[in-house]
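Working notes, structure below.
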Amino acid sequence: MRIAVIPASTNTGTAAIESLLSSSHPAVEVHAVYRNLAKVPADFAAYPNFHAVQGDVLEGSGLDLTGCDAVLAITPPAYESEDIVLHAKTVSQNVKDAIERSGSVKRLVLLSSGGAQHDTGVGEIKTNNMAERVFSTTDIPAITFVRCAYFMSNWTSNVESLKAPEPFFYTVVTPLDYGMPMIALDDIGSVLATELRKETAPPSKPYIFELHGPRRYTPLDVQSAFSKALNKDVAVKPIGPDQLQGFFAHVFPATIVDAMVEMTLSFLPGGLIDASAINYDEVNIVQGTTELETFIARAVAKKMPTS
């Protein structure tokens, strides 16, 4: 079975490939598409069933999927694009066209996100809505959209403030006792790999489910996890809704700031996808197994080695 990952250089693409290569399915071949082959991890290249090829999802070049059975499509971030939704439409259409040209692909798995059912009011998540709309009409037997919850890795993407004499972290998730679904990167990779390897048809086309962690977590849970991982008190500095514009202006290019603010407001209390107002009994949910505390302990150990 040959599985393509497009693009392969993203964190989620890497996690899915790691899961595919470490699985007990030796017949699986990984066809990984990179715009820059210099980003291919050396440990991947050591696997005889891993093959990296150069391809550009924006230009549509190098997207030859002939002989592939399944495809993992990921909408790469476009933080400097003047129109992030148009960018998502272009890259999705290019991958869709390559799938249909292949004559061999039977299954598509799209990495999406919670809230992707909305085309307005959710900021950057609108790119996932566009990707779902493009891929939903792909002329193949099986299509699955995996709508992921808030990434636990958002908390550990920058650990510099944790290295301060009095360590702290910022949170745009407020209030501090607000609980929401979160998911670990390893669980995302594992679930994506499982979906890609399936040979039976899903119950619908497209088949959609949300991917959550074992339970909901709050910023206070994050604070506790950091404090335990560092064996010292870690402070939390909340960024309130009225501070988001200024905060994101120091983190992202100006072209994406408004979208990031809108997205954040959409999942906070009172927002369009406020977790406390959603009836999850009516949502198809798959749950990962990695607890937030475990994820943060591993991430801290990796990014802040003691020796």
Do Ser113 and Asn128 have a side chain donor and acceptor closer than 3.5 Å? yes

I'd like to check the salt bridge (charged side-chain N to carboxylate O under 4.0 Å, His left out) partners of Glu199; sequence neighbours left out, ordered by chain and number. none

4.5 Å side-chain heavy-atom contact, Met152 and Asp187: no

Does Ser104 reach the main-chain N or O of Gly67 with its side chain, forming a donor-acceptor pair under 3.5 Å? yes

Any ring pair (Phe, Tyr, Trp, His ring centres under 6.0 Å) involving residues 105-130? Give me the pairs, sequence neighbours left out, ordered by first then second residue. none

Pairs touching residues 57-68 that satisfy side-chain hydrogen bond (donor to acceptor under 3.5 Å, both in side chains), sequence neighbours left out: Asp64-Thr66

Option passing side chain to side chain contact (heavy atoms under 4.5 Å, CB included) with Glu195 (candidates Leu72, Leu211, Leu110, Val109): Val109

Any sub-3.5 Å donor-acceptor pair from Arg107's side-chain atoms to Lys198's backbone N or O? yes

Quick check: do Val30 and Phe44 have side-chain heavy atoms less than 4.5 Å from each other? no

Is there side-chain contact between Ile273 and Ile125, with heavy atoms separated by less than 4.5 Å? yes

Not counting sequence neighbours, which residues clear salt bridge (charged side-chain N to carboxylate O under 4.0 Å, His left out) with Glu210? List them please. none

May I ask you to test the Ser153-Thr156 pair for a side-chain heavy-atom distance under 4.5 Å? yes

With sequence neighbours excluded, tell me which residues meet salt bridge (charged side-chain N to carboxylate O under 4.0 Å, His left out) with Arg216. none

List the atom pairs, with distances to 0.1 Å, where a side-chain N or O of residues 252-264 and a protein N or O form a donor-acceptor pair under 3.5 Å, not counting sequence neighbours.
unit_1 : atom_1 : unit_2 : atom_2 : d
Thr255 : OG1    : Tyr79  : O      : 2.7
Asp258 : OD1    : Gln245 : NE2    : 2.9
Glu262 : OE1    : Gly123 : N      : 2.7
Thr264 : OG1    : Met260 : O      : 2.8

Who pairs with His212 by ring-ring contact (aromatic ring centres under 6.0 Å, His included), at least two apart in sequence or on another chain? Tyr280

Using residues 134-144 as the side-chain source, report each donor-acceptor pair under 3.5 Å to any protein atom, sequence neighbours left out, with the distance given to one decimal.
unit_1 : atom_1 : unit_2 : atom_2 : d
Ser136 : OG     : Glu132 : O      : 3.4
Ser136 : OG     : Arg133 : O      : 2.9
Thr137 : OG1    : Lys96  : NZ     : 2.6
Thr137 : OG1    : Val134 : O      : 3.3
Thr138 : OG1    : Phe135 : O      : 2.7

If we only count heavy atoms from C-beta on, is the Leu176 to Pro238 side-chain gap below 4.5 Å? yes

My understanding is that only residues two or more places apart in sequence, or in another chain, count here; which of them pass salt bridge (charged side-chain N to carboxylate O under 4.0 Å, His left out) with Lys205? none

Can you label the angle between the Phe169 ring and the Phe226 ring as parallel, tilted or perpendicular, going by 30° and 60°? tilted

Does one side chain, of Asp274 or Tyr178, offer a donor that lies under 3.5 Å from an acceptor on the other? yes

Knowing that exactly one of Asp69, Ile3, Val71, Leu65 qualifies, which makes a side chain to side chain contact (heavy atoms under 4.5 Å, CB included) with His31? Leu65

So with a 6.0 Å cut-off around CD of Gln243, is the heavy-atom count from everything else above 12? yes

Given side chains that start at C-beta, do those of Ile239 and Phe248 come closer than 4.5 Å, heavy atoms only? no

Show the atom names and distances, to 0.1 Å, of all donor-acceptor pairs under 3.5 Å that link a side chain in residues 11-21 to residues at least two apart or in another chain.
unit_1 : atom_1 : unit_2 : atom_2 : d
Thr12  : OG1    : Thr10  : OG1    : 3.4
Thr14  : OG1    : Thr10  : O      : 3.0

Can you pull out every side-chain hydrogen bond (donor to acceptor under 3.5 Å, both in side chains) where at least one residue sits in residues 223-237? Sequence neighbours excluded, please. Lys228-Glu293

May I have the step-by-step check of side-chain contact (heavy atoms from CB on, under 4.5 Å) for Phe209 and Val146, ending in yes or no? CA-CA 6 Å; Phe209 65 84; Val146 182; 3.6 Å; yes

Can you list everything that forms a side chain to side chain contact (heavy atoms under 4.5 Å, CB included) with Lys302? Sequence neighbours excluded, please. none

